[in-house]
Asks: 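Here it is, the structure, as structure tokens.
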Amino acid sequence: MRILILGAGATGGYFGGRLLQHGRDVTFLVRGARAATLARDGLVLRSPAGDVTLPAPPTVRAFELNEPFDLIILSCKAYGLAAAMDDMAGAVGAQTAILPLLNGMAHLAALDQRFGSEHVLGGRCMIAATLDENGAIQHLNRTHALTFGERDGTDTARLREITATLADAGFDARASHTIVQDMWDKWVFLATLAGITCLLRAPVGAIVAAPGGRNAIIALFDECCAVASRDGHAPSAKTREHAGSILTEPGSSLTASMMRDLEEGHPIEAQQIIGDMLARAEPRKSAAADTSPTPSVLSLVYACLKAYEASRAKAADA
């Protein structure tokens, strides 16, 4: 199976690097600067699961794509989806499967419209990783899980082939017949974690220790769960209990990558993680009987993030 990894950043570089390390046919779709770094220094992974340097990994530029790949793993930031779709278009053929690992849910509709829903799988990854100043990938803990599946829950020949290809490749890979629910569960958790840590500029443990902090986390989590329920994807009691315990753990140093991006002045996925959740929470105009108010914590988080984006844009124009 020929695999194209869109991007060789923290997420795509990690999973693609492990696949390459274990003998899979992997090519990274990258831009010029990253291609030069990889050619010079190799793809470097620093991880509790084992360090590795992969010299001169196979790379390709968008203008060089002239034949289809079997599987495209899409690992860009959600705000970069439009550009990513343009870049990868030359690699999408009649039998290509696209596995997106983006946050939120809105990317599915965009990919369906551009390439056709028959090409687009559901996907979810769990990893904490970042690029250091030298372009090496720093894996920050032992979690490195990738879940994927057909969005209608069926067991197909291509799913079995992808499962076999991703198995035993140095990370936790699992096929799921409930992948859309899995994606919603991650989104609810991430929206809560990113929302509260960005709003209060602190890790979970410090928020829990602050007056009213634990209640704020629970309120935001409940709002996000209500949105999922409204969409027909309510988290199970077990999922809620597990997520709630992580989100309210005393002394926890857990933060979201969005908070780190915000503190470093980088672009953030405000619309994809929080804005879309808020939009789905607001009463539908056609539903006259629905008079539920706009969720207050979600609204406050979104205002906070949009204010940051406005300030960042103003500074860039100065």
Side-chain angles (χ1 to χ4, degrees), residues 1-6 11-12 15-16 18-19 22 24-26 67-76 78 81 84-85 88-89 91-127 143-191 224-225 227-240 242-243 272 276-277 280:
M1 175 170 276
R2 297 182 67 233
I3 304 172
L4 182 69
I5 310 285
L6 195 144
T11 299
F15 288 111
R18 290 300 186 200
L19 287 165
H22 288 78
R24 307 311 195 263
D25 184 351
V26 171
E67 60 181 357
F69 281 72
D70 301 310
L71 175 66
I72 299 175
I73 298 179
L74 183 56
S75 61
C76 63
L81 178 60
M85 290 192 295
M88 66 189 252
V92 180
Q95 302 302 317
T96 301
I98 300 170
L99 173 54
L101 302 179
L102 283 68
N103 291 320
M105 298 294 291
H107 60 279
L108 294 178
L111 288 165
D112 287 351
Q113 183 176 15
R114 179 68 181 269
F115 300 111
S117 61
E118 69 277 10
H119 289 281
V120 185
L121 301 169
R124 182 185 80 170
C125 70
M126 296 290 194
I127 188 169
T143 300
H144 52 177
L146 197 160
T147 307
F148 50 92
E150 302 285 0
R151 285 148 59 192
D152 62 3
T154 56
D155 183 19
T156 62
R158 73 171 177 181
L159 183 60
R160 291 191 293 272
E161 185 179 6
I162 292 168
T163 301
T165 300
L166 300 187
D168 301 319
F171 56 87
D172 300 323
R174 181 179 69 87
S176 170
H177 299 300
T178 58
I179 189 61
V180 174
Q181 182 65 54
D182 298 337
M183 293 171 68
W184 267 99
D185 289 347
K186 178 186 177 180
W187 188 17
V188 165
F189 178 85
L190 181 60
C224 294
C225 286
V227 176
S229 298
R230 183 172 182 167
D231 199 83
H233 292 93
S236 68
K238 182 178 180 180
T239 297
R240 287 191 62 147
H242 178 66
Q272 294 80 12
D276 190 30
M277 182 74 74
R280 295 171 190 248

Asks: Side-chain contact, heavy-atom cut-off 4.5 Å: C224 with M277?
Replies: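 Touching, per the 4.5 Å side-chain cut-off.
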
Asks: Would you say that W184 contacts V227 through its side chain, given a criterion of any heavy-atom pair below 4.5 Å between the two side chains?
Replies: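 Sidechains of V227 and W184: in contact.
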
Asks: Please find the pair of heavy atoms, one from G122 and one from L99, that lie closest to each other, and give the distance.
Replies: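 Between these two residues, the closest heavy atoms are O-CD1, 3.4 Å.
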
Asks: Got a sec, which pairs hit salt bridge (Lys or Arg N to Asp or Glu O under 4.0 Å) with one end in residues 108-121, sequence neighbours left out?
Replies: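 Pairs touching residues 108-121 that pass the test: D86-R114, D112-R151.
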
Asks: How long is the gap from OG1 on T143 to CE on M126, to the nearest 0.5 Å?
Replies: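 T143 atom OG1 to M126 atom CE measures 9.0 Å (nearest 0.5 Å).
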
Asks: Who passes ring-ring contact (aromatic ring centres under 6.0 Å, His included) against F115, sequence neighbours left out?
Replies: none

Asks: Who are the salt bridge (Lys or Arg N to Asp or Glu O under 4.0 Å) partners of D185, not counting sequence neighbours?
Replies: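 Counting only residues at least two positions away or on another chain, D185 forms no salt bridge (Lys or Arg N to Asp or Glu O under 4.0 Å).
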
Asks: If you measure from NE2 on H107 to CG on L81, what distance do you get to the nearest 0.5 Å?
Replies: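 If I round to the nearest 0.5 Å, the distance is 8.0 Å.
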
Asks: For A84, enumerate each residue passing the side chain to side chain contact (heavy atoms under 4.5 Å, CB included) test, keeping only those at least two apart in sequence or located in another chain.
Replies: L6, L74, C76

Asks: Excluding sequence neighbours, so at least two apart, what forms side chain to side chain contact (heavy atoms under 4.5 Å, CB included) with R174?
Replies: R124, T147, S176, D182

Asks: Applying salt bridge (Lys or Arg N to Asp or Glu O under 4.0 Å) as the test, list every pair that has at least one member in residues 98-109; sequence neighbours left out.
Replies: none

Asks: Do V26 and I73 have side chains that get closer than 4.5 Å, going by heavy atoms?
Replies: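 The answer is no, as the side chains (C-beta and beyond) never meet within the 4.5 Å cut-off.
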
Asks: Give the minimum heavy-atom separation between A234 and Q181, together with the two atoms involved.
Replies: O-NE2, 3.5 Å

Asks: Enter the distance from L102:CG to L111:CG here, rounded to the nearest 0.5 Å.
Replies: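 So the CG of L102 and the CG of L111 are separated by 7.5 Å.
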
Asks: List in chain and number order the residues that pass side-chain hydrogen bond (donor to acceptor under 3.5 Å, both in side chains) with T165, two or more places apart in sequence or in another chain; answer none if no residue qualifies.
Replies: none

Asks: So, taking the atom named CG in L146 and the one named CG in L166, what distance separates them when rounded to the nearest 0.5 Å?
Replies: 6.5 Å

Asks: Please list, chain by chain and in numerical order, all residues satisfying side-chain hydrogen bond (donor to acceptor under 3.5 Å, both in side chains) with R24, sequence neighbours excluded.
Replies: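 Testing R24 for side-chain hydrogen bond (donor to acceptor under 3.5 Å, both in side chains), a comparison that skips the adjacent residues, returns none.
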
Asks: For the backbone of T96 and the side chain of H119, can you confirm whether one donor and one acceptor N or O come within less than 3.5 Å of each other?
Replies: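 Pair found, side chain donor or acceptor close to backbone of T96.
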
Asks: If only atom types and distance count, is the side chain of K186 paired as donor or acceptor with the main-chain N or O of N103 below 3.5 Å?
Replies: no

Asks: Between R280 and D231, is there a side-chain heavy-atom distance shorter than 4.5 Å?
Replies: yes

Asks: Give me the atom names and distance for the closest heavy-atom approach of L108 to P100.
Replies: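 Answer, listing the atom of L108 first, then P100: CD2-CG, 4.2 Å.
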
Asks: For atom NE2 of H242, is the number of surrounding heavy atoms from other residues, nucleotides or ligands below 6.0 Å larger than 12?
Replies: no

Asks: Below 4.5 Å, heavy atoms only, C-beta onward: do D168 and H22 meet side chain to side chain?
Replies: no

Asks: What is the distance from atom CE of M85 to atom CD of Q113, rounded to the nearest 0.5 Å?
Replies: 8.0 Å

Asks: How far does CE of M183 sit from SG of C125, to the nearest 0.5 angstrom?
Replies: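 Reported to 0.5 Å precision, the distance equals 10.5 Å.
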
Asks: List for me each residue that meets side chain to side chain contact (heavy atoms under 4.5 Å, CB included) alongside D172, sequence neighbours excluded, and say none if there are none.
Replies: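 Scan of D172 (side chain to side chain contact (heavy atoms under 4.5 Å, CB included), adjacent residues dropped) gives H144, A145.
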
Asks: Restricting to ring-ring contact (aromatic ring centres under 6.0 Å, His included), what partner residues turn up for F15, sequence neighbours left out?
Replies: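 F15 satisfies ring-ring contact (aromatic ring centres under 6.0 Å, His included) with F171 once adjacent residues are dropped.
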
Asks: A228 and V188: which non-hydrogen atoms are nearest, and at how many Å?
Replies: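 That would be CB-CG2, 3.8 Å.
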
Asks: Compare all side-chain heavy atoms of R2 with those of P68 and state whether any distance is below 4.5 angstrom.
Replies: no

Asks: Of all residues at least two apart in sequence or in a different chain, which pass the side chain to side chain contact (heavy atoms under 4.5 Å, CB included) check with E150?
Replies: L121, D152, T154, T156, R158, L159

Asks: Could you tell me which non-hydrogen atom of P235 sits nearest to which non-hydrogen atom of C225, and how far apart they are?
Replies: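 Minimum heavy-atom contact is CG-SG, 4.0 Å.
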
Asks: Would you please name every residue forming a salt bridge (Lys or Arg N to Asp or Glu O under 4.0 Å) with D25, sequence neighbours left out?
Replies: none

